[in-house]
4 protein chains.
Amino acid sequence: MKQKIINDPVHGFITIDDDLLLRLLSHPWVQRLRRIRQLGMTSLVYPGAQHTRFQHATGAMHLMQLALDTLSSKGVLVLQGEQRAALAAILLHDVGHGPFSHALEHLMVNVDHEVVSDLIMERLNSEMGGGLDLCINIFAGRCRPFLHELISSQLDTDRLDYLKRDSFFSGVVEGAVGADRIIKMLDVTPDGHLGIEAKGIYTIEDFLVARRLMYWQVYLHKTVVAAEEMLRMAVRRARNVLRQGGDIEASKPLLFFLANDIDEDRLRSDPGVLPLFCDIDDDDVNVALKCWARSDDKLLAFLSRSLVDRRLFHIEMSREPVSAERVEAERCRAERLLDLDAGAAEYLVRTGQVSSRTYNIGIDHINIIFRDHSVKDISQASDMMRLETLGNADRRFYISLPRWDEY
Amino acid sequence: MKQKIINDPVHGFITIDDDLLLRLLSHPWVQRLRRIRQLGMTSLVYPGAQHTRFQHATGAMHLMQLALDTLSSKGVLVLQGEQRAALAAILLHDVGHGPFSHALEHLMVNVDHEVVSDLIMERLNSEMGGGLDLCINIFAGRCRPFLHELISSQLDTDRLDYLKRDSFFSGVVEGAVGADRIIKMLDVTPDGHLGIEAKGIYTIEDFLVARRLMYWQVYLHKTVVAAEEMLRMAVRRARNVLRQGGDIEASKPLLFFLANDIDEDRLRSDPGVLPLFCDIDDDDVNVALKCWARSDDKLLAFLSRSLVDRRLFHIEMSREPVSAERVEAERCRAERLLDLDAGAAEYLVRTGQVSSRTYNIGIDHINIIFRDHSVKDISQASDMMRLETLGNADRRFYISLPRWDEY
Amino acid sequence: MKQKIINDPVHGFITIDDDLLLRLLSHPWVQRLRRIRQLGMTSLVYPGAQHTRFQHATGAMHLMQLALDTLSSKGVLVLQGEQRAALAAILLHDVGHGPFSHALEHLMVNVDHEVVSDLIMERLNSEMGGGLDLCINIFAGRCRPFLHELISSQLDTDRLDYLKRDSFFSGVVEGAVGADRIIKMLDVTPDGHLGIEAKGIYTIEDFLVARRLMYWQVYLHKTVVAAEEMLRMAVRRARNVLRQGGDIEASKPLLFFLANDIDEDRLRSDPGVLPLFCDIDDDDVNVALKCWARSDDKLLAFLSRSLVDRRLFHIEMSREPVSAERVEAERCRAERLLDLDAGAAEYLVRTGQVSSRTYNIGIDHINIIFRDHSVKDISQASDMMRLETLGNADRRFYISLPRWDEY
Amino acid sequence: MKQKIINDPVHGFITIDDDLLLRLLSHPWVQRLRRIRQLGMTSLVYPGAQHTRFQHATGAMHLMQLALDTLSSKGVLVLQGEQRAALAAILLHDVGHGPFSHALEHLMVNVDHEVVSDLIMERLNSEMGGGLDLCINIFAGRCRPFLHELISSQLDTDRLDYLKRDSFFSGVVEGAVGADRIIKMLDVTPDGHLGIEAKGIYTIEDFLVARRLMYWQVYLHKTVVAAEEMLRMAVRRARNVLRQGGDIEASKPLLFFLANDIDEDRLRSDPGVLPLFCDIDDDDVNVALKCWARSDDKLLAFLSRSLVDRRLFHIEMSREPVSAERVEAERCRAERLLDLDAGAAEYLVRTGQVSSRTYNIGIDHINIIFRDHSVKDISQASDMMRLETLGNADRRFYISLPRWDEY
C-alpha cells in the first residue's frame, strides 16, 4: 500500500493512503499551493506567518478525516466513496487561489477564487476520468448537507484548521481554538445538517470570539491592511503603465494577466488561460515588486520600493467613514510633498472598509443539538454573545497614506 | 547572591533573587501550598489538573515581575521597595486557603479565606520584623491603586496565571489566554488605575470569554460540582457524627476543626489555632475520606466510599431553580432505596446554584486606555460582549443525587 | 455504545470504548492510582511534576492503541482479543505500585512491585470471570513476543509515555522524545520481535540520550535522591519506634504495614492483606509525616519536619564510593551537633548509589530493521552512542547528610 | 523611547528598544532576510519549514540578550556598548547569505557567505558613521573571547536559536534543545572563554545528539539533499546555456550573477556588485525555475520542471563512496532513457558526500566549568558520547538520479 506521512507541526503526523488523494496531492496544481502563503502580507507584521496554502489544505484534510471518524462513531453512516470524495473536496477547496489570495483577487483575473477552484476541479476530474464526480457534487452541495457543511459552513474543517494554524504560526496564542474538542462534539441533526452537542456551547463561543480576535489582531491588522492596499496599488499601477505602452518587467505569465482583462468567460473558453494562471504565485509578484522598485515610473517605483523595504504606509481605522475633505486634503499633500505624476495621489491615499464577517445572523448557522434532539441556532442558544454585532456591522473604515514625516 | 530558579512548565524559568522573597518562599506556610491543589476535585474530571497553589503562587509572582517591568518601560515609576512588596503580596495572596479551597471554605473554619490570608501575613510580618508592612498595605489597597489592582482586579496577575495554568494542566487548550500580550499592553490611567491599551481590546474580549469557558467547562463542570457537594456532605456528616459522640478517624489537626466551630474571633484570639489550620491540607481530607469509607456510620461510609472510588453522583443543571416537589420526591426515593439513617436523604439529594462571576458591570472594571489618554470601561468599549450577562446572572441551579440505577 | 473520553494535556483526547477496559478503568484499584504520583518526591524540585500513575497508565494505553494501529497498517495481524488484552495489560502494568513507588518499595511490603501487580491482576481476573486470561499471558510473555515487548522492553509504550509525560510536567523540555515518530516506525522482525525501521535510528539515539538526561536531571536529581533517602529513613524510624512499643500516628492501613513484615508468601496466603495494601497511597504517607513531625521521638520528628517544611539534606554525588572514614566523621558530627538519640546518626548520614539503567548491552535490545529485513541491535547500528556506558556503569555514589550550617 | 515588539511563535515577545538595533532591523539588507528561508529546499519534505533567516536573526538576538543577562547576573561585567555590539553582531551574523543559502553558495558568487557578511557589515558601518566598529571587532574575534563565542562557537546563540526554531517549524519535536536551560547555565571560564556549569552536562549531551538528529533527519534528509543537487544542476545548466549564448529568463540581478563569475576581489572592488547581490533572494530563483521549466533547453526544462512540480530524484546514501562503475552505468542509462543532449547525464546522475559536522574534537570546544573552577572539554567530561564520531567521520556518500521507472 502506498502511503505518505506528512510531519505537520500543528497536527502531528498526517497520513494519506488513498490512491486518488495521493494522485491529487502530487498534482502540480496542488503542489503549486506550496508557493502561495496562507496569509499573504501578514508576515510583514507576524514574521512567523509564512505558512502556505498547501499546509492548510493538508491540515484541513486531516481534520476532515477526524470529523468523519467522529460522526461514524456516533452512528452516522458515511460510505467509503463519500469519505474519499469529502477528503478530496477539502484538499481542493482553495485550489483556485492566486498570488496573495484575497489581496489580489479580481486584480489578476476578474473572477472569484471559488470559480477558479471549480474550473480546476473540473479539469482534474477530466484528467482522472470522472474520479472527482462525487467530490464535485459534495463541494457544490448536491449531496447530504452535512458533507458539504464540513467543507463550507461556520463549523467547516477549513476554519477549524486555519484558525488553529494561523494562531500557531503567528504566535497569537490566544487565537487558538479547541478544534479537537469541537470535532469530538460534532453530530448530525435529525434533518441531516451538521451540528454540535449542547455541551460544546462554550467552546463554540470561544471559537467565535477567537475567530474575531484573529480577524482584528491578525488578518485585518492595520499594518497588514495598509500593506495589502500598497500591493494592490502597485499591481494596478504596473498594469496601467503596461497597458499604456510602458515597459514593465515581470515573469511572462504574470505579464499576461497584467496585460489582459480576464473574465469568467475567457477563463472558461480559452483553454490556455487556466494553466497560465496556475503558473503564477506569490514569488512572481515578489520578484516583480523588486523589479518595479527600479522602474522609471516614479509612482510604481515608490510603491514597490516601500513594500520591498518594508516602509509601510500609515493607516487609521475608525468606525466612521473617512470624510471626503480629509481624503482631498491628504491627496493634495501627497502631490505637494512627493514629486510624482499627476494622478498619483489616488494611488497613495486610499480609503476602504474591512469587516470581520464572523457571524451573520440569519445567514450563518451553528446548530446546537440538545439531548432531546431539539436544535437551536447558536445565536439563540448562547446568552453571552452579541452575535448581531458579529455580522457585517463589525466593520471599520480606514484611510491609508504615506508617512509624511519620512519624506 | 542567593538565587533560586524554578522550572515551571507554564512560564519556563522563574528566577527569585530577593532575600525577603526567598525567605517567604521557604517558609513552612508557603511550602504548605505544595499540598493544596489549585483545583481541588477537578482532577476527577481532568486528570492532568493536579497542579498546586504553590505553582500558581510562584507563577503569579513571575507575571507580576513582567507586569512591573512593562509598566516601568512605559515610564511608570515603581520603587524597588514597592516592587518587592508587590511580589510578596502576590506570592501570599492565597496563602490562607485551606484544604480543597473553596469547596470546604466555611466548613473548616467559618471565615473567608481572605481573612485567613490577612492573619497569616500579619504573623509573617511579625516574624520578619515588619518587613511585610508595605506588602500588607498594597494588599489592603492603601497604596497606589494600580499596585493593588495587579493583585486583585479583573486584570490581576492572579487571574492571568491561573487561567493560563489551569488551561495548560487540564488540557482545555481553548481556555488559554494571551497573558503575555495582556501584560505587554498594561498601562496606568491618568488617575493611577491599572488599564490596558486600546489595541488590546480583542485580547481582553478573548480573555473574558476564555475565562467564562473555563468556569463552565472546568471549574463548574457538572461532575466537579457534584463531587464537591459530596465532599462537603461527607465532611459535614463526619462533623455531626463526631459532635454527637461518634468515633471519627482523622489526623489530629483535622479532628480539631471538625470538633470545634472556629470563627474569626477565635482565630484571632487563640494563637494556637492558626498554626493548626496551617497544618491541614488536601492530604488530611483524602486520607480521612478513606478512613470514613470504612466508618460504622452508613451514610458517612457511603459518601466517602463513593468519592474514594470515584462513583460520583448524578447532577442536573438548569437555568431554573429545582422545584421543592422534585427535591422531596428524590429524597423519598433516597430513603426508600438506600438503607440509611433517617435524615440521610438531605445529605444525598442536594440543590444549589453556581455562577461564573466573570464580570459584574458597575463593580468590575477593565479600563481601556485610548491614544488620547481617555479611558472607557470594557463594557462600553467592546461591541461584541453582552457583559451584563457575564455577571451574577450567568448562573445555574443544580440538583445532585445518587445514581439510583446503580443500587 | 458506552464511551469515555479523557482530556489529556499530553496526548489530547484519549477515547476508551471497550467494556472490559471501561470496567477496569473504574475499578477502585485502578482509580487508586490517582493518588500515587508518578514521580514521588520529584515535585519538591520540579513543582509541576504532580502527575499521577493514573495519567501515565491511560496515556500508555493510548500509545499502545497507536502502536497496534501502526503495526496493523504494516500487515501485522493483531486479533481483536489480543488488542484488548494488550491494552488491558499496559493499563495495569504498574497497578502494584505503592505509595511513593520505588522510594518506598520493599519498605511497605518486602516484595517487588511487579509481584503485587501480578497478584492484583489475578484478583481482577477472578472478579471478571477469566476476562483477563489473555492479558495476563501477554504480560507474562507467553504470547507473541512483540505484544509483550510493547508492554515491557526498551521500546515499550510505558517508556514512551513516561518520558514524554515527565518531560511535559517537569518542564525539562529537552527530555521530550519523539514518541509519535517512534510509534510510526515500529515494525515486527522476521522472528516476531518488536523493532524499528532503520530510518528511525536517529530518533532512537535521541530517545536514549533524552532518557539518560531525564534520569540525571529529574529522576536522580541530587535533591530528589536526598529527599527520598530522608523519606525512607523517616518510615524506617517510625517502624522501629512502633515495633519497640512507641506511639506512632498513621492511618490504620499504613500502621498495619509499619507494624508487620509482609513478604510474598503472606501477601499470597492472607486474602486481607492485598486490599489493605491497595488502601494506602501517597496521601497516607504525607499525612503521617506531618503527624510524625510532632512526634516525641526526636529523630523521627527531625526527619519528618525537615521533609514537610522542605528543608532538605545536603547531598554529594561522585563516581567514587564514599570512604568509610568520611561517613564515620560525618556521623560523629551528627551526634555532636544534633541533640538526638544514640544511633540516630545512621539515619541522617546516608550513602548509596544510583544508576541510570538506560541500556544494558547484551540484556536490553532495540532491534533496528533494515530494508533488506536484516536486523541489528542499536548498539551495533549506532555509531555515536557509547552504549556500554549507558549500562550499570552509569552510576553515581552519594552521601547525604544534614546541612550542618543550619543548626 | 522607540520600541519594537516582535511576536515570535518560538520565543514569545522579542523587544528591541535600542536605536542602533532598530535602525539595523529596518535596513533593506536585513529586511531582505525575510525573503530567504532558513532551510531552503527543506520545506519540500517538511512543509512547515517555511521560516526565514529574518526570524532566525531576531530570535538569535533575543537569546543573546538572555545570555548576556545571565552572565551579568553571575558577575561578568558587560558594558552597555559591548552589549549593543554583541546584539548587532548576532543580528547580522548571517546577513551575507544568498538565495537558498548553502545550497547555492559559491554558485551565485564564488565567495563564502561569511565574506559577504563581512562586506555588508563594513558598508553598514560606513552608513552608520562607524557605529558598528565594536560589533565588527566582536564578530572578528578581536574582543573578549566569550563575546565572540556567543556569536560563533559550539554554544553560540546562533545554534541555540536555529535548533529550537527548526525543530519547531519542521515538527521534528525530538530535535528540540533546552536552549533556555543552556543559557541559564552559561558562564565564563577563568581565562575568559564561554563555558557551561558542570550540572548542565546532560543538557549539553542532549544538545549534541539533538543537533545530529536534526542534521540527518532534516538538514541532510535524503530527499532534501536530492532536491538541492537538482537545484544546483539547474542553476549550473542555466548559467552554461546563458554563457554559450542561449536565452535564459531571469530577473535582471539574477541574470547578472549567472552571466558573470564574481570572486571576492570583484565583490570588493566593484561597488555596484554587493547591492546587486542583496537584490536576489529565494523568490528570484523560484520564479526562474518556473521560467526554465518552459525552456527550449531540454535538460534545463527537465530539471526545473521536476523541481517545480516536486518530482524529486531518487537518492541512495551509504557509508561507502559510490563506485565509478555504478556512476558510469547510471549515466549511460540516463542517456539511453531520456531524450536529452549529450553531456546531460552528468547533470542528472550526481554523487557527493554530506557530513553532520556536529563536533570536531580538537577544533570544537565546549568548556565544562566545574565547581572548583576547573575546566574540561565536553569530550573529556562526557562519558556517554562517542564524540570522535561526531566529527567529519560522520559522513555519508550519495548518488542521486532520476527515478527511471517514471519515464
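Naming convention: chains lettered A, B, ... in sequence-line order (proteins, then strands); numbering from 1 in each chain. Predicted model only: the values in this text are computed from it and were never measured. FYI, side chains are in, hydrogens and waters are out, and symmetry mates aren't considered; it's all heavy atoms of this structure.
In this structure, no portion of D:Lys222 lies under 4.5 Å from any heavy atom of chain C. Contact of C:Lys164 with chain D is not made at all, since no heavy-atom distance falls under 4.5 Å.
The aromatic rings of D:Tyr46 and D:His221 lie perpendicular to each other, with more than 60° between the two planes, well past the 30° mark. Note: C:Phe169 and C:His51 have parallel aromatic rings, judged against thresholds of 30 and 60 degrees for the angle between ring planes.
Inter-residue side-chain proximity for C:Arg403 and C:Leu312 is flagged as unmet; no heavy-atom pair is nearer than 4.5 Å.
Your options are D:Leu213, D:Ile182, D:Val173, and the one with the most heavy-atom pairs under 4.5 Å with chain C is D:Leu213.
Here C:Phe397 pairs with C:Pro321, C:Gln353, C:Arg395 under the side-chain contact (heavy atoms from CB on, under 4.5 Å) rule; sequence neighbours left out.
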